[in-house]
There are 2 protein chains.
Amino acid sequence: MESRHADRIADALEELVFTGQFNDGDRLDEIRLAKQFGVSRTPIREALQRLVASGIAEQLPRRGVFVRQPGPVELMEMFETMAEIEGVCGRLAARRITDEALAELEGANRLCREAVAAHDTDGYYRENERFHHTIYAQSGNSYLANQALRLHRRLKPFRRLQLRLRGRMAQSMAEHEEIVAALKAGADDRAAKALRKHVGIQGEKFRHLMTELRTAAQ
Amino acid sequence: MESRHADRIADALEELVFTGQFNDGDRLDEIRLAKQFGVSRTPIREALQRLVASGIAEQLPRRGVFVRQPGPVELMEMFETMAEIEGVCGRLAARRITDEALAELEGANRLCREAVAAHDTDGYYRENERFHHTIYAQSGNSYLANQALRLHRRLKPFRRLQLRLRGRMAQSMAEHEEIVAALKAGADDRAAKALRKHVGIQGEKFRHLMTELRTAAQ
DNA sequence: AATCATATTCTTGTATACAATAATATTGAC
DNA sequence: GTCAATATTATTGTATACAAGAATATGATT
């Protein structure tokens, strides 16, 4: 448990924004939130500061704090950045990965396949996450790994949508195999390319989903 | 001018940390800083929150906020990450760069050369910065460009040291030429490689400098 | 003298009070 | 009825007050 109310509230607010409880441009009213969380404005303000710092909200001086949901363009930019950063992690990991980590990747892939067979999306999601996080860590660069983790976490709610597309999980698995093969071979450019493509497809699928929703709304 | 004291103080503290006025592990005493800046603890606390969020300081609950200067290992990790991210920007920029931006890069390079000839390190530094920032922007991905800018800014005080090495500026110029050539040709992998190498060398030079200082201290 | 338990002081985290500015409502002129 | 100027209200930003926990000092015991 967290010792400071401000942290707990920041996490809660972050979750609320990520799960779409707030719309873009909504004002985060200090007094209302204070009542809602049963605290004074002080910890609320600290929490809001944290949201602003992480780009989830925007602060207009003397006007207030407003949630900032990424639009379609920014989302695609974030997916593209994720693809490139994962590619970088792959490149470095190909040169530095340990045998234990390779075994872990293969283990995660095996559990992923089982989850696909069992239609266990949560299980698939969990092991897929382990797969990617392992590659970040194996970049041997903890600063880079942290940046990758941050963005991965930020994109989490959007990635989930895209994974539900028919046939996507099976296709994704094949890409995972290629990634492991490249890492095993120590082929850095190949690993980078495979990861860029893998995550790039996620972005493509997501864009497809967005345009579909858009036309459906008309 | 900034309307909130907290922002002004955060900028000031950031500058103090970046210029080495604080050592790693130093506690940022709220009361002392409040007296120093002539304000109450409230804006100081907000400023400290900002430092913590940007990774310049660390917060231990109920213990205080402590400055976190990157050690040699983390610095090398940051340089490596910068090299890879610039490579990514280069790859994307090669596919998207405008003629105007290419002209601007060549202009920056010309001014750089003149600055080298005139031993004008500040001028060189300014144009070098413009060169890199232009490439970030030309990635056509403002999210990525922002991430690149953040890290570039964080590494600024350390990059400056390395640029003073004899012959480094001339070598750096040659690398800039190759980067522009690759971008002009629209060769994405070549541009990525050139930028990775260019910034990678900065890291190498910096490490060299660190070990030199280390042995000199003994 | 060294060590553990207790008491004291100091600092953080939160609540409240106040000042300054922005948003809103009210009034008056046309 | 519409617009502008002023008055009112509401909200942010800062200062201060207070509560809880951590660090330090004090003292008792061996």
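Chain identifiers are assigned alphabetically (A, B, ...) following the order of the sequence lines, protein sequences preceding nucleic acid strands; residue numbering begins at 1 within each chain.
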Are a donor atom and an acceptor atom from the side chains of B:Gln49 and B:Arg45 found within less than 3.5 Å of each other?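 Checked: B:Gln49/B:Arg45 side chains show no N/O donor-acceptor pair below 3.5 Å.
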Close approaches to DNA chain C from residues 59-67 of chain A, in residue order (heavy atom, under 4.0 Å):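 Nucleic-acid contacts, sorted: A:Arg62, A:Arg63.
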Do [Y] and [X] meet the salt-bridge criterion of a basic N to acidic O distance under 4.0 Å?
X: A:Arg41; Y: A:Asp29; result: no
X: A:Asp11; Y: A:Arg8; result: no
X: A:Arg154; Y: A:Glu14; result: no
X: B:Arg130; Y: B:Glu127; result: yes
X: A:Arg207; Y: A:Glu80; result: no

Residues touching DNA chain D, which here means a heavy atom under 4.0 Å, drawn from residues 36-48 of chain A: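 Correct list: A:Arg41, A:Arg45.
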If you draw a 6.0 Å radius around CZ in B:Arg153, do more than 12 non-hydrogen atoms from other residues or ligands fall strictly inside?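 Atom CZ in B:Arg153 is not packed in, count stays at 12 or less.
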Give a yes or no on this: more than 12 heavy atoms of other residues, nucleotides or ligands lie within 6.0 Å of atom CZ of B:Arg150.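 Incorrect, the count does not exceed 12.
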Reckon B:Arg27 touches a base, only the sugar-phosphate, or nothing at all at heavy-atom distances under 4.0 Å? sugar-phosphate
Determine whether the aromatic ring centres of B:His152 and B:Tyr136 lie less than 6.0 Å apart.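 So the answer is yes for these two rings.
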First and last nucleotide of DNA chain C touching chain A, 5' to 3', heavy-atom cut-off 4.0 Å? C:dG13 to C:dA23
Can you tell me how the ring of A:His132 sits relative to the ring of A:His198, calling it parallel under 30°, perpendicular over 60° and tilted otherwise? parallel
